[in-house]
Amino acid sequence: MEIFREVKPIRAFLEQFKNKSIGLVPTMGALHQGHLELIKTSKKENNITVATIYVNPTQFNNPIDLEKYPRTMDRDILLLSDAGCDLLFCPSNEVMYALKSSLTFDFGQLDKILEGKFRAGHFSGVGLIVSKLFNVIQPTKAYFGQKDYQQFQIISNLVQQLMFNIALECVATVREKDGLAMSSRNLRLTQEMRARALVLYQSLTFAKQLLLDGMEMAMVREKTIKLFEQKEVKLEYIELADRKNLILLNFVVDPKESVLLISGYVGEVRLIDNIFLA
Ligand code: PAF
């Protein structure tokens with residue numbers, strides 16, 4: 001696997017793949033099976049696969065979260081190279097923000113709800129860094145995990161608005177045997193916290209059944225709050241939304257068009273998850 005830290009050399013290297021398909025897997029490192037699934041999917045569908053590892057400061061609204069974000073670069077390099085990734089781009093802050101950026105993104109209603117409501121400026125930072133990575137790598141297709149479902153919708157919107165000639169794929173969340181969604185932030189959980197964190201997935205599956213049985217979200221939310229209280233996990237939100245535009249819903253109209261999203265704090269570690277209703 002070739003490793004690049006600067007923009008010019010990776011651009012020069014990628015010149016030879018101009019007429020080939022390039023798959024891009026953008027990450028913030030601390031890789032897990034979910035990321036490797038993205039690499040695997042990209043490898044199947046493209047001539048070459050490029051991964052990026054960059055912990056982007058502009059998408060963190062909480063400085064402690066940024067400071068404590070797990071960094072496992074040596075292990076990540078081994079995992080990527082074992083997975084057959086062809087190229088890794090892992091720039092520094094000086095490279096990605098050589099010119100202090102004044103650009104901000106507003107995705108309208110899409111970034112005022114769910115994650116956007118609780119993490120001011122988060123999606124503006126995501127929009128900025130993903131645009132930069134798209135410009136540097138110029139991929140044919142880019143791969144993102146379903147766990148960050150709102151992020152996927154935001155990036156789809158970004159691609160349409162800025163007319164990037166890039167296809168996107170949302171790859172299903174990879175879960176531990178007991179259902180916990182794989183996440184880099186899970187590395188911050190102690191064994192005891194990890195057991196409590198399971199309440200996110202348990203609540204999603206429980207709430208899904210209640211909604212499919214016809215219960216309204218207000219009642220489902222009350223029941224979820226109780227489950228979270230039992231596990232001493234702080235519920236931030238549980239919301240039902242339209243899968244295509246994330247408009248929030250009070251009850252299920254069409255299970256195929258619905259997604260249930262949740263977020264909570266286990267101690268100071270913030271976790272998110274979601275499931276489709278069909
Ligand atoms: O999902 C992530 O890991 C990040 O938000 C991304 C897309 C790599 C942008 O920094």
Side-chain angles (χ1 to χ4, degrees), residues 4-5 7 10 22-39 41-42 49-62 65-73 75-76 79-80 83 85 87-93 95-97 101 103-105 107 110-111 114-116 118-137 139 141-159 162 164 166-174 181-188 261 263 269-274:
F4 294 88
R5 293 188 168 81
V7 172
I10 193 165
I22 302 176
L24 172 67
V25 178
T27 82
M28 297 205 297
L31 302 182
H32 50 69
Q33 203 49 45
H35 295 112
L36 300 180
E37 206 51 43
L38 303 181
I39 300 283
T41 313
S42 168
T49 291
V50 182
T52 67
I53 296 182
Y54 178 61
V55 183
N56 171 38
T58 63
Q59 71 185 74
F60 284 81
N61 55 319
N62 175 349
D65 193 26
L66 171 61
E67 187 196 313
K68 298 214 166 150
Y69 197 85
R71 288 154 171 96
T72 56
M73 188 59 95
R75 185 175 167 273
D76 291 350
L79 284 174
L80 286 174
C85 181
L87 257 79
L88 169 63
F89 180 51
C90 45
S92 62
N93 288 340
V95 167
M96 287 323 273
Y97 291 99
S101 191
L103 292 178
T104 55
F105 286 80
F107 294 95
L110 205 50
D111 71 13
L114 304 163
E115 290 301 282
F118 292 93
R119 301 185 69 189
H122 168 63
F123 286 123
S124 179
V126 170
L128 182 58
I129 198 66
V130 169
S131 301
K132 285 176 185 244
L133 294 172
F134 282 177
N135 270 328
V136 173
I137 310 295
K141 193 161 179 179
Y143 298 80
F144 299 89
Q146 187 199 317
K147 188 179 72 65
D148 297 292
Y149 190 65
Q150 188 178 12
Q151 170 172 277
F152 182 75
Q153 295 298 341
I154 292 270
I155 295 169
S156 305
N157 188 283
L158 177 83
V159 163
L162 294 185
F164 280 113
I166 299 171
L168 299 178
E169 188 165 331
C170 183
V171 178
T173 304
V174 178
M182 290 206 184
S183 161
S184 304
R185 287 187 170 85
N186 292 353
L187 286 177
R188 294 183 58 200
L261 308 102
S263 130
V269 183
R270 187 173 183 279
L271 299 174
I272 59 171
D273 200 354
N274 67 79

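Just so you know, ligand 1 is whichever comes first in the structure, and atom 1 is the first atom listed for that ligand.
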Between Thr58 and Tyr97, a side-chain donor and acceptor under 3.5 Å: yes
query: Given Glu115, which of Arg270, Gln151, Gln150 fulfils the side chain to side chain donor-acceptor pair (under 3.5 Å) condition?
result: Arg270
task: For ligand 1, would you mind listing the residues that have at least one heavy atom less than 4.0 Å away, ordered by chain and number?
output: Pro26, Thr27, Met28, Gln59, Ile129, Phe144, Gln151
field: Non-hydrogen side-chain atoms of Thr72 and Leu31 separated by less than 4.5 Å
entry: no
field: Any residue meeting side-chain contact (heavy atoms from CB on, under 4.5 Å) with Leu36, in chain and number order, not counting sequence neighbours
entry: Gln33, Leu79, Ala83
field: Verdict with supporting geometry, Phe107 and Phe123, ring-ring contact (aromatic ring centres under 6.0 Å, His included)
entry: CA-CA 8 Å; Phe107 294 95; Phe123 286 123; 7.3 Å; no
- request: Going by the side-chain contact (heavy atoms from CB on, under 4.5 Å) test, name the single residue among Asn56, Asn61, Val55 that passes it with Leu66.
  value: Val55
